[in-house]
Amino acid sequence: MWKSAEESLAREIFRKSKASSNGEAIKDVRENSKKATKVRIEVPWGHIAGKWWGPKNTRPILCIHGWQDNIGTFDTLIPLLPSEFGYLAIDLPGHGFSSPFPHGMSYTAYDYLWIIRRIQEIYEWEKISILAHSLGALLTFVYAGLFPDKVDFVIALDALKPKIMPDIVDYLQTMLTNVAIEDERNLDPSEPPSYSFDQLVDRLHIGTYKSVSPDYCPYILSRGVRKSTKYPDKYYFNRDGRLKYFKHLLISQESCLLLARRIDIPYMFIRAEQSVVKFWEEEKYLLEVIEELKKCNPQFVMHQVKGRHHVHLTNPTAISGILSDFIRKHGQNDRKTKSKL
C-alpha cells in the first residue's frame, strides 16, 4: 500500500520513468518495496530512515550507501541476495528520508562512523555485518580497523580506503568556508531550484560521471527529491546542501596501512573496471593497502568486474552471485536476535 507522501512521490517518479523518452521501462520499485519493511530509528536530532528486507528474527546485514546517494542504490541488488538473511539499509543523515543534522553543524566522516556504532548499540548487536558502497565502504574500512572485534564480515563495493589528501590546508579552508554558506541557505525558507523529471535524470546521470544510467536514476530519485510547491510538474533535490562540503577522514597512508593490519575478518572488495574511484587519489595508495590486506588477512578477497561505480545498481547480476557465495559462507554464525522493529 502506498500511503505516505514519500511513497506516493516514489510511485510518481517510477511512473514518469516509464513514460519518459530518455529510458526504457524498468521494473517498478513497488514490486521490490513490497518485500521490505519501512524502518524509522529514533535519534536525538530526528530519525534515521531505512528498509529491512528478509527475516526479522535474525541479525541483518547493515547496508550503507555512498555520498549523496540513498538506499535506493540497493533496490535492485538486495532481492538477488540470499533470502534467508536479513538486510537493513539506512539513509545516512541528510540523505534520502533521514533527518538532516541540526542547523549550524556540518557533516563529517567521523559523525558517520558514530552512526554505525549507534545503530549497532540500538539493536544490541555484539557483531555487525556490513555491505557498503563508495563512501559507506570507506567508513566501513575504518570502522572494521578500529573495532575488528565488533565486525564479523564486510563487503565493500567499489571503494576500499579513505583517500589521501595532498593539500589538507586548502581542502579544509574550502570546506569550512562553503559549508557556512550552505548552512545559511538552509535557513532560507524559499524553495530550492526545481527541475523537470528529465532534467533530474540528466543531472543525476551526469553528476555521477554517467555511473547511474538514465533507466536506473529513478531508484535514487525515488528517495532523493521532493515535489515543488511552486511548479506542479517539477521537483527539487532533498539532500542537505551541506553534504557538498562533507569533511572526509583526514588520515595518513600510514594510518590506513595500520588499520589494514588490524582487520582479520572475512573482507571482500569488489572493484569496477570503469570506477571513478581511481581518480580520487594516486593509484599507489590503494594498491599498497590491498597488498597489506592480502599479506595480513588470509580472509581478504578481491574481485574486479566490468561496469561503472554503480554496477551494483545498474547490473546487479554481475556481482550478486559472488556476494551470495560470500554471505552464505561467512554469515551463518550468531545471527539470532530479537527484532527491534
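Index from 1, following the sequence.
Ser106 and Lys247 form a side-chain donor-acceptor contact under 3.5 Å, judged by distance and modelled atom types alone. Side-chain contact, Ser213 with Asp215: no donor N or O sits under 3.5 Å from an acceptor N or O. Looking only at atom types and distance, the side chain of Tyr107 has a donor-acceptor partner in the side chain of Asp240 under 3.5 Å away. Judged by distance alone, the side chains of Thr73 and His310 never bring a donor and an acceptor atom under 3.5 Å apart. There is no side-chain donor-acceptor pair under 3.5 Å between His95 and Asn70. Ser320 and Thr317 form no side-chain donor-acceptor contact under 3.5 Å, judged by distance and modelled atom types alone.
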Show your reasoning for whether side chain to side chain contact (heavy atoms under 4.5 Å, CB included) applies to Asp69 and Leu313.
CA-CA 12 Å; Asp69 276 359; Leu313 170 64; over 6 Å; no

Please walk me through it: do Ile290 and Phe300 pass side chain to side chain contact (heavy atoms under 4.5 Å, CB included)?
CA-CA 9 Å; Ile290 290 173; Phe300 173 78; 4.2 Å; yes

List the steps and the verdict of side chain to side chain contact (heavy atoms under 4.5 Å, CB included) for Trp53 and Asp75.
CA-CA 10 Å; Trp53 310 71; Asp75 272 353; 3.3 Å; yes

Please report the C-alpha distance between Ile61 and Leu88 in whole Å, then the side-chain angles of each, then the deciding distance to 0.1 Å, and finally whether the side chain to side chain contact (heavy atoms under 4.5 Å, CB included) criterion is met.
CA-CA 6 Å; Ile61 297 166; Leu88 172 59; over 6 Å; no

Starting from the C-alpha separation in whole Å, work towards a yes-or-no answer on ring-ring contact (aromatic ring centres under 6.0 Å, His included) for Tyr87 and Phe74.
CA-CA 10 Å; Tyr87 305 86; Phe74 296 113; 9.7 Å; no

Go through it in stages, so that I can follow the logic: the residues are Asp188 and Ser190, the test is side-chain hydrogen bond (donor to acceptor under 3.5 Å, both in side chains), and I'd like the CA-CA distance, side-chain angles, deciding distance and then a yes or no.
CA-CA 6 Å; Asp188 186 342; Ser190 60; 2.8 Å; yes

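Residues Trp114 and Tyr123 do not share a hydrophobic cluster, clusters being chains of Ile/Leu/Val/Met/Phe/Trp/Tyr side chains in contact below 4.5 Å.
Heavy atoms of other residues, nucleotides or ligands lying less than 6.0 angstrom from OH of Tyr171 number more than 12. With a 6.0 Å radius and a threshold of 12 heavy atoms from other residues, nucleotides or ligands, Glu126 has its CD atom at or below the threshold.
Contact check on Arg59 versus Asp152 returns a salt bridge, with a Lys/Arg side-chain nitrogen under 4.0 Å from an Asp/Glu carboxylate oxygen. Taking the charged nitrogens against the carboxylate oxygens, Arg117 and Glu121 do have a contact shorter than 4.0 Å, which makes a salt bridge.
A heavy-atom distance below 4.5 Å is not found between the side chains of Ile263 and Val154. Taking 4.5 Å as the limit, some side-chain heavy atom of Glu12 sits within range of a side-chain heavy atom of Lys227. A heavy-atom distance below 4.5 Å is found between the side chains of Ser134 and His309. Between Phe97 and Lys38, every side-chain heavy-atom pair lies at or beyond the 4.5 Å cut-off. You'll find the side chain of Ile251 reaches within 4.5 Å of the side chain of Cys256, heavy atoms only. Side-chain contact between Tyr143 and Gln120 is present, with at least one heavy-atom pair separated by less than 4.5 Å. Between Asp91 and Arg223 there is a side-chain heavy-atom pair separated by less than 4.5 Å. Side-chain contact between Phe85 and Thr58: absent, with no pair of heavy atoms (C-beta onward) separated by less than 4.5 Å.
Rounding to the nearest 0.5 angstrom, the gap separating the NZ atom in Lys127 from the NZ atom in Lys150 is 9.0 Å. Between the OG atom in Ser275 and the CG atom in Leu286 there is a gap of 9.0 Å [rounded to 0.5 Å]. Note that CD of Gln304 and CG of Asp158 are 9.0 Å apart. Values are rounded to the nearest 0.5 Å.
Of the possible polar contacts, one joining the Ser99 side chain to the His47 backbone as a donor-acceptor pair under 3.5 Å is found.
A centroid separation of less than 6.0 Å is found between the aromatic rings of Phe14 and Tyr219.
Cluster note: Tyr231 groups with no other residue, as no ILVMFWY side-chain heavy atom lies under 4.5 Å from it.
The heavy-atom pair separating Val311 from Ala272 by the smallest distance is CG1-CB, 4.5 Å.
Applying the side-chain hydrogen bond (donor to acceptor under 3.5 Å, both in side chains) test to Arg262 and every residue at least two apart in sequence or in another chain returns nothing.
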